[in-house]
Amino acid sequence: MLEVFGRRPYLVLLGIAAFLFVMPFLPLNDYILHILTIFLIFAVFASGWNLTLGMLGLKTLGHHAFFAIGAYISAIVAYYGGVSPWLTIWIGAMTAAVAGIIIGFPILRIRSMPHVAIVTLAFAEIVRLIFSNLKEITRGELGFWGIPPFDPIQIGETTLRFGIGNAVGSYILAAVFFLAVHIALLVLLTSRTGLTFFAIRDAEAAAESLGVHLSRWKIFAFALSAGVVGLSGAIYAHYVMILTPISVAGPEMLITLLAMIIVGGVGRFFGPIYGALLLTAASELLREFGDFRMLLYGVGIIFFVFVAPQGLAALKLKQRRGTTSRT
């Protein structure tokens, strides 16, 4: 458990919450708050994906499909149905969870991890093509614009507004969802459910011999993972207020989020958070290099993989162990 959560995970999460609380009170411009908002959304995405990739050991490569499903379903229902985004994000998340169950059943029959990766990657491409060809509804690659932002919230004399042009309100909203999701995941994974996930990952045959119903637990994990990722996609849609299939279900999204998990630490609870923060900031800092941006981005990822092959979260744990042993 120490390898997964580190020491005092609730205290670490409390420290992250304090850091997030302070940010709006600092003299930061809207651009910095925008970067932090994107980081928070992607951190939820990465942590949701890490449930199956790291905690359960299923090498899936198609979770950006659930991100796209959550984003588009929430946006479509809000735009055409006139439903508040406060409700449609849950519709998007539940739709993504159902899609996770549907794709989960055939995956359970596949024992080869490379084949699991190929099937989930093909599923993501199918989802992208569906949204691309529903031009009457999504406008395809031209972009689905006009997506409504979250309805404003009145707090005393202050009105919090959301969407791409309202940095403070959008940041606070993303921070609240980030903390709520990670508190819920931490409670879940430190309970008997989490122990069952780790048992299936580390010794599937032994877990089954002890009465663990593998199929049910894997389907549950896949649905939960897809739902969390779908929720992040729905929040993203009502923040940026424009979607294209290639931007939410394309290869760049796959590579970016997978890199966040790998750099942060696969199977480490705080790994996706550290990876999302580092790579979101790095991606923005490298924009001034133009065509060389992705080249430098890739070199940076390779560097971190060599320096910390088990992720930044594992590197932090090793430093603590080294300090303890010296004392």
Side-chain angles (χ1 to χ4, degrees), residues 1-7 9 12-13 16 39 42-67 100 104 107 110 112-121 124 178 181-182 185-186 188-190 193-204 207 217-218 221-222 224-226 228-229 232 251-280 282-283 297-298 300-321:
M1 296 293 280
L2 181 64
E3 295 292 331
V4 176
F5 301 104
R7 300 181 185 274
V12 174
L13 197 56
I16 294 173
F39 146 65
F42 281 177
V44 173
F45 182 167
S47 292
W49 192 352
N50 194 41
L51 275 175
T52 55
L53 188 65
M55 305 300 181
L56 203 63
L58 292 176
K59 301 303 183 282
T60 59
L61 293 180
H63 265 61
H64 51 308
F66 303 124
F67 186 81
I107 286 176
I110 304 173
S112 169
M113 282 302 164
H115 287 85
V116 170
I118 292 171
V119 169
T120 52
L121 190 60
F178 169 88
V181 167
H182 282 90
L185 289 178
L186 185 56
L188 180 74
L189 292 172
T190 52
T193 299
L195 291 174
T196 305
F197 285 174
F198 303 141
I200 294 173
R201 179 193 66 184
D202 297 333
E204 187 173 295
W217 280 102
K218 286 182 178 181
F222 216 88
L224 177 63
S225 176
V228 171
V229 173
S232 68
E252 185 173 347
M253 182 64 76
L254 164 65
I255 294 169
T256 299
L257 269 296
L258 188 59
M260 289 177 182
I261 299 173
I262 293 172
V263 169
V266 179
R268 316 276 176 169
F269 182 79
F270 292 103
I273 299 175
Y274 300 150
L277 179 59
L278 176 65
L279 294 187
T280 301
S283 179
Y297 185 80
I301 291 172
I302 294 172
F303 170 77
F304 277 103
V305 168
F306 275 107
V307 172
Q310 294 182 329
L312 296 175
L315 185 64
K316 187 176 180 182
L317 184 61
K318 286 181 181 179
Q319 289 175 343
R320 286 179 177 176
R321 284 178 174 174

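Of all heavy-atom pairs between H63 and A226, the closest is NE2-N, 4.5 Å. The nearest pair of heavy atoms linking G265 to P272 is O-CD, 4.2 Å. Here the shortest heavy-atom pairing between P9 and G6 reads CD-O, 4.0 Å. Closest approach of A124 and A65 over heavy atoms only: CA-CB, 3.5 Å. Looking at every heavy atom in both residues, L121 comes nearest to H64 through CD1-CE1, 4.4 Å. The shortest non-hydrogen separation linking V4 to R201 is CG2-NH2, 4.3 Å.
When the side-chain hydrogen bond (donor to acceptor under 3.5 Å, both in side chains) test is applied to T120, no partner is found at least two apart in sequence or on another chain. Every residue meeting the salt bridge (Lys or Arg N to Asp or Glu O under 4.0 Å) condition with E204, not counting sequence neighbours, appears here in chain and number order: R111, K218. Qualifying side-chain hydrogen bond (donor to acceptor under 3.5 Å, both in side chains) partners for S47, counting only residues two or more places apart in sequence or in other chains: H182. Residues meeting the side-chain hydrogen bond (donor to acceptor under 3.5 Å, both in side chains) test with S283, sequence neighbours left out: R293. Remark: F67 engages F45, Y236 in a ring-ring contact (aromatic ring centres under 6.0 Å, His included) (not counting sequence neighbours). Under the side chain to side chain contact (heavy atoms under 4.5 Å, CB included) criterion, L277 pairs with F39, sequence neighbours left out.
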Working for side-chain contact (heavy atoms from CB on, under 4.5 Å), residues W49 and L258: CA-CA 9 Å; W49 192 352; L258 188 59; 4.1 Å; yes
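Residues L224 and T52 are not in side-chain contact: their nearest non-hydrogen atoms beyond the backbone lie 4.5 Å or more apart. Using a 4.5 Å heavy-atom cutoff, the side chains of V263 and L278 are in contact. Side-chain contact between L51 and L185: present, with at least one pair of heavy atoms (C-beta onward) separated by less than 4.5 Å. Put simply, the side chain of F222 does not reach to within 4.5 Å of the side chain of L56, judged on heavy atoms. In this structure, F270 and L13 have side chains that are in contact, with non-hydrogen atoms separated by less than 4.5 Å.
Residue L61 holds its CG atom at 7.5 Å from CG of L53, rounded to the nearest 0.5 Å. Atom OG1 of T256 and atom CZ of F42 lie 7.0 Å apart (nearest 0.5 Å). Separation of atoms CG (L189) and OG1 (T196) is listed at 11.0 Å; rounding is to 0.5 Å. Atom CG in L279 sits 5.5 Å away from atom CD1 in I301 (nearest 0.5 Å). Here T280 contributes atom OG1 and M260 contributes atom CE; the two are 3.5 Å apart, rounded to the nearest 0.5 Å.
Looking at T190, its side chain does come within 3.5 Å of a backbone N or O of L186 through a donor-acceptor pair. Checked by atom type and distance alone, the side chain of N50 never pairs as donor or acceptor with a backbone atom of F269 at under 3.5 Å.
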